[in-house]
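Taking it in order: structure first as structure tokens, then the write-up.
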Amino acid sequence: MSKLLEGKTALVLGVANRWSLAYAIAQAFSREGAKVLLTYQSERQRLTVEELANELPAASVFPCDVTKDEEIVSLTESLRKNGHGAIDAVVHSIAFANRDDLTRPFVETSRSGFLLAQEVSAYSLVAVARATAPLMAAGGSIMTLTYLGATRVVQNYNVMGVAKAALEAAVRYLANDLGPTNIRVNAISAGPVKTASARGIKDFSKVLDSVERVAPLRRNTDPAEVADTAVFLASDLGRGVTGNILFVDAGFQVIGLTAG
Ligand code: 1JT
């Protein structure tokens, strides 16, 4: 089969290491012929992301801390300056919450912990969409990563669930704003994956065990499956899909109750 993203340029935010869902997506985009551009959050991550970029191979690496408006603006400027004035896809794979807020009862969430999760995990999509939409003159595809905890209560997901609810609503409003210029905005709701973010989360292995027991496919989610759905959304095959949440979770979300 011919490559699905030949001739396209994709910007991927959120590669932190080899296990990042963003990295699996960047690999799949690369495999399908896209020119891939990566960002890193801080100097501390620069070398890691540069090394991963070389393996892909990714065309360029840019700094971008999404909590800083000026870094988002200069990302747009650097993209233009480096000859990437036209991009076709943007992947937002960024979230953060304080560890404490994913352990203690949700009712104990502090104002600052709540706002931090919202800023990094939800508002950043709005800021990134606004900054990159002008580079997608030929239309494009913006996508983000979410989790079932946005709409159902999942033990310990807490403040992240509320941030993902805001993120999913933002996807719908952005889809409406950007649709007239043929920019699509969607979210992929991935089943739990043992990434660096998930490491250290209380009982995470038990979460993976119970998904394996009850999900229709009787297994967990493979990052490569999430990545292939991202390819679909970025490609012409996804041209009619916007404002949606696509579940890539071995079917887990359809299950109501299982005995045992
Ligand atoms: C963050 C973290 C966002 C972990 C995340 C996340 N989105 C998904 N996960 C994994 C996860 C976590 C829990 C869970 C299921 C999946 C860590 C901190 C930064 C933001 O509960 C069943 C708790």
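We count residues from 1, following the sequence as given. Every heavy atom of this structure was used, including side-chain atoms; hydrogens, water molecules and symmetry mates were not. Just follow the structure's listing: the first ligand is 1, and inside any ligand the first atom is 1.
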Electrostatic pair D177:R130 at N-O distance under 4.0 angstrom: no
Enter the distance from D101:CG to T109:OG1 here, rounded to the nearest 0.5 Å. 5.0 Å
For V126 and A170, the nearest pair of non-hydrogen atoms, with its separation, is CG2-CB, 4.3 Å
Return the residue, atom name and 0.1 Å-rounded distance of the protein heavy atom closest to atom 1 (C) of ligand 1. M160 CG, 4.0 Å
Q155 heavy atom under 4.0 Å from ligand 1: yes
Which residue is it: L13, I142, V66, I94? I am looking for the one with a side chain to side chain contact (heavy atoms under 4.5 Å, CB included) to L125. I142
Taking N176 for the side chain and G179 for the main chain, is one N or O donor matched with an acceptor at less than 3.5 Å? no
Quick one: which ligand 1 atoms are inside 4.0 Å of a heavy atom on V207? 22 (C)
For A97, the atoms of ligand 1 under 4.0 Å from one of its heavy atoms are 19 (C), 20 (C)
I need the nearest protein heavy-atom contact for atom 11 (C) of ligand 1: residue, atom name and distance, please. F204 CE1, 3.5 Å
Would you please say whether a donor-acceptor pair under 3.5 Å links the side chains of S60 and K35? no
Any donor-acceptor pair under 3.5 Å linking the side chain of D222 with the backbone of A224? yes
Got the closest protein heavy atom to atom 22 (C) of ligand 1, with its distance? V154 CG1, 3.1 Å
For ligand 1, is any non-hydrogen atom under 4.0 Å from L145's backbone (N, CA, C, O), its side chain (CB onward), both, or neither? neither
Among non-hydrogen protein atoms, atom 17 (C) of ligand 1 lies closest to S197 O, 3.2 Å
Between K8 and D236 the two heavy atoms that sit nearest each other are CE-N, 4.5 Å
Does any N/O atom on K164 come nearer than 3.5 Å to any N/O atom on ligand 1? no
Per-atom contacts of ligand 1 with Y147, taking only distances under 4.0 Å to non-hydrogen atoms: 15 (C), 22 (C)
Closest protein heavy atom (residue, atom, distance) for atom 4 (C) of ligand 1: I201 CD1, 3.6 Å
Distance from atom 18 (C) of ligand 1 to nearest protein heavy atom, with residue and atom: L102 CD1, 3.6 Å
side-chain hydrogen bond (donor to acceptor under 3.5 Å, both in side chains) with Y40: which of R46, Q45, E50? R46
Measure the distance from atom 14 (C) of ligand 1 to every protein heavy atom, then report the residue, atom name and distance (to 0.1 Å) of the closest one. Y157 CD1, 3.8 Å
